[in-house]
Amino acid sequence: MPQNNPKAIRNIGIYAHVDAGKTTITENFLYLSGAIRSLGSVDKGTAHTDYLEVERSRGISVRAASTTFLWKDTTINLIDTPGHMDFTAEVERSMRVLDGAILVVSAAEGVQAQTEMIWKALKSRNIPTLFFMNKIDRFGAEPQRVIHDIEQFLTPSILPIQYVRGLAEGNASISDAIQQVSGLAEGSACISDAIQQVSGLAESNACISDAIQCEIPYEDGLLERVCEGDDILLAQWLDGKSISPVVLQKSIQTQTKAGKLYPLLYGAALKSMGLKALLDAVVTYLPPPKINESDALAGIVFRIEQDKTMGKIAHVRLYGGALTNRDNVHNATQDIDEKITQIRKVSASKHEDIGYLAAGDIASVCGLSRARIGDILGSDSGVPVESHIAEPLLLVQVFPENDAAIPSLVAALQELSDEDPLLSLEWIKEERRLHIKIMGTIQLEILGSLLKTRFGLAATFGSPVVIYKETPSKAMTGYISYTMPKPCWAILEFYIKPLPRGSGVKTGGWVREEKLHSRYQRQVWQTLPSALRQGPLGWEVTDLEVTLLNGEHHIFHTHPLDFVTATPMGIMNGLLNTGTTLLEPMTACRISAPDTISSKILGDIVQMRGTFDPPVIVNGTFTVEARLPVATSMDYAVRLGAISGGRGLLSAHFDGYEPCPLELGTTTPYRGVNPADQAKYILYTRKALGDL
Ligand code: GDP
Ligand code: MG
């Protein structure tokens with residue numbers, strides 16, 4: 001069913017660390033909405049959204065699966081995202097097209113490294129978020145401790161809008177704090193009357209009469225909390241006026257939308273408990289999509305998928321205009337037009353051709369065979385800019401089963417790179433070598449099994465090496481005069497200067513048109529990213545500014561692609577002049593363990609060339625925040641487990657690059673033909689460009 005009323009749409013993502021219960025929650029949503037007749041189970045491999053074979057067999061979600069269902073006349077487009085660290089890029093890509101999120105935290109495992117990572121990403125995009133504390137039925141569930149952790153590690157602005165009772169008896173039940181607070185304010189009811197039983201409770205065996213009083217006295221502050229951010233409400237409350245649930249909800253809604261409050265709900269997905277209330281909260285507190293005022297087409301492709309019969313499927317979110325079957329769509333990023341053959345909505349594993357997609361909505365579009373992730377359809381008006389934190393830190397060589405399998409392996413990896421551009425497939429033809437970039441070894445395992453099941457290819461992988469980078473050590477110029485062997489003419493002079501960490505690549509400078517035709521200057525800047533892919537140490541060059549000081553074309557001799565050939569040589573000349581400094585990836589981590597091994601841990605940190613903040617000791621538990629090189633700390637979680645008898649905890653996330661002494665890092669031989677060897681490079685490129 002196409003949805004024409006943007007107010008009745010919610011585009012939301014569901015996020016969590018691995019095993020927190022996302023897929024189980026999604027199953028319940030589908031079931032409650034009537035989209036599926038029976039409840040699938042992750043444990044039995046029958047979940048409707050874990051649709052890749054590898055996901056079913058391993059029980060983890062790899063690709064963000066989007067699914068649509070109706071709840072109380074609202075269309076909910078839900079993206080179930082993978083929870084493992086290795087797939088953070090996938091998680092971030094989904095965030096670009098969402099208006100709200102559910103962040104799932106387990107009441108037993110609490111805030112994990114991945115939760116922090118996701119939270120950072122949500123927060124930096126200011127996405128309105130509901131917290132859902134799952135697994136309150138679990139033995140060892142400690143909602144109060146988890147709330148405390150959320151406040152300490154994520155945000156002090158959470159607002160639990162329910163009570164949990166009966167935990168101690170293994171009879172957890174949930175009740176609505178808003179109804180209760182409002183009831184109390186009116187002074188009308190005793191607590192037991194004011195409890196509004198959350199639906200879903202009926203199916204669990206929770207017994208209200210046994211329930212002890214509030215185990216989380218914290219929620220008593222609910223009204224104060226809401227009033228803190230709402231002066232009008234505060235005045236009413238201080239005047240002793242009664243505040244209706246509707247008014248209270250409205251204020252929470254406004255503050256949630258502004259990122260000032262994050263409502264928290266409880267539940268146990270495995271027991272189908274608390275999920276109707278969560279869906280109600282999605283509709284009540286998370287905002288509908290904002291759409292452009294103009295009718296002009298504006299949309300983005302945020303995910304690519306392959307379908308056996310339809311070929312490439314592009315997942316599209318529209319911000320303006322509409323799409324209809326058989327429309328010719330303008331892909332602005334690639335400047336091409338392609339015809340839509342079908343527009344699909346996926347609900348559980350079924351799909352339906354809805355033929356029409358309106359602004360604010362999300363659907364899968366067939367027929368855009370050349371679309372890539374991030375492509376803009378129509379204009380980019382209203383489309384959020386891309387920003388990402390995740391970065392693959394490991395480089396891996398891929399080996400085919402035999403030489404004959406190389407072409408099909410390259411094709412398969414190219415298709416997989418369409419779905420995950422960060423794989424950055426490198427095919428070095430002359431050395432017949434294949435490289436990909438990955439986030440971690442789980443990803444590699446999944447890739448291996450995808451190659452086997454989807455493409456029938458038995459590839460193997462070399463051992464992953466840490467991806468270093470390099471940056472100019474000082475400011476210098478680079479020069480190239482490419483005037484031989486004729487016919488050719490391209491002269492360039494660059495000024496290269498280092499920039500602070502995290503700056504990336506900046507460019508500048510403009511040479512007079514008569515000296516260097518503007519189309520050649522554009523060619524220089526278009527070639528620059530590939531010229532910086534490998535520096536003198538064999539790694540990507542970053543944190544620098546490249547300025548074009550001078551350049552010259554020749555009215556007769558210059559061939560159309562001469563500046564494409566000249567640029568890498570001029571840049572490499574400059575980088576050899578500046579010299580480069582090796583940069584290594586760092587992780588920021590928090591380590592906690594029994595106090596008794598604190599000095600051992602601090603010793604390890606120093607040995608790994610790490611730095612740390614003053615440690616804190618609370619109740620015999622020692623906690624330290626440290627910054628460590630990825631290269632020395634990759635296996636520290638395992639080592640920590642061993643020295644702490646399994647009681648140590650490590651949470652880590654990528655935290656930028658830092659200079660690394662050459663002798664402690666790794667350099668890598670230039671892959672392909674090095675532009676430093678100009679004679680060889682010229683011959684090679686001219687052949688490759690078809691100039692000879
Ligand atoms: P995901 O990795 O976040 O998608 O989590 P899953 O939905 O795959 O669930 C992970 C495991 O936790 C499975 O074994 C589920 O059966 C179990 N699980 C999910 N929700 C609950 C819950 O509310 N209570 C308990 N006790 N187990 C749960
Ligand atoms: Mg899952």
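Each ligand, and each atom within it, is numbered from 1 in the order the structure gives. Bear in mind the structure is a predicted one, so any value in this text is a computation, not a measurement.
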Exercise for the section: Return yes when atom OH of Y636 has more than 12 non-hydrogen atoms of other residues, nucleotides or ligands closer than 6.0 Å, and no otherwise. Expected result: yes
Exercise for the section: Could you tell me whether the side chain of E391 and the main chain of F654 form a donor-acceptor pair under 3.5 Å? Expected result: no
Practice task
Of the side chain and backbone of N134, name the one, both, or neither that has a heavy atom under 4.0 Å from an atom of ligand 1.
Solution key: side chain
Problem - Atoms of ligand 1 close to R138 [distance to a heavy atom under 4.0 angstrom, numbered from 1] - result: 25 (C), 26 (N)
Handout entry: The one among E27, E109, K135 that brings a heavy atom closest to atom 28 (C) of ligand 1
Key = K135
Problem - D361/K345 ion pair, N-O < 4.0 Å - result: yes
Practice task
Give a yes or no on whether a salt bridge exists between R317 and D99, defined as a side-chain N under 4.0 angstrom from a carboxylate O.
Solution key: yes
Problem - ligand 1 contact on L270 by region, counting heavy-atom pairs under 4.0 Å - result: both
Problem - Numbered atoms and elements of ligand 1 in range of V42, under 4.0 angstrom, heavy atoms - result: 6 (P), 7 (O), 8 (O)
Completion exercise
A student checking ligand 1 against G21 at a 4.0 Å heavy-atom cut-off should list atoms 1 (P), 3 (O), 5 (O), 6 (P), 7 (O), 9 (O), 19 (C)
Problem - Region of T24 engaging ligand 1 - heavy atom pairs below 4.0 Å - result: both
Exercise for the section: Anything under 30° is parallel, anything over 60° is perpendicular, the rest tilted; go ahead and classify W119 against F131. Expected result: tilted
Practice task
Please state which part of A16 comes within less than 4.0 Å of ligand 1, counting heavy atoms only: side chain, backbone, both or neither.
Solution key: neither
Completion exercise
Among I136, V104, I25, D43, the residue with a heavy atom nearest to atom 14 (O) of ligand 1 is D43
Practice task
Would you indicate whether R145, at its atom CZ, is surrounded by more than 12 heavy atoms from other residues, nucleotides or ligands within a distance under 6.0 Å?
Solution key: yes
Practice task
Please determine, by modelled atom types, if N77 and T68 share a side-chain donor-acceptor pair under 3.5 angstrom.
Solution key: yes
Handout entry: Atoms of ligand 1, numbered as shown, that sit under 4.0 Å from any heavy atom of D137
Key = 22 (C), 23 (O), 24 (N), 25 (C), 26 (N)
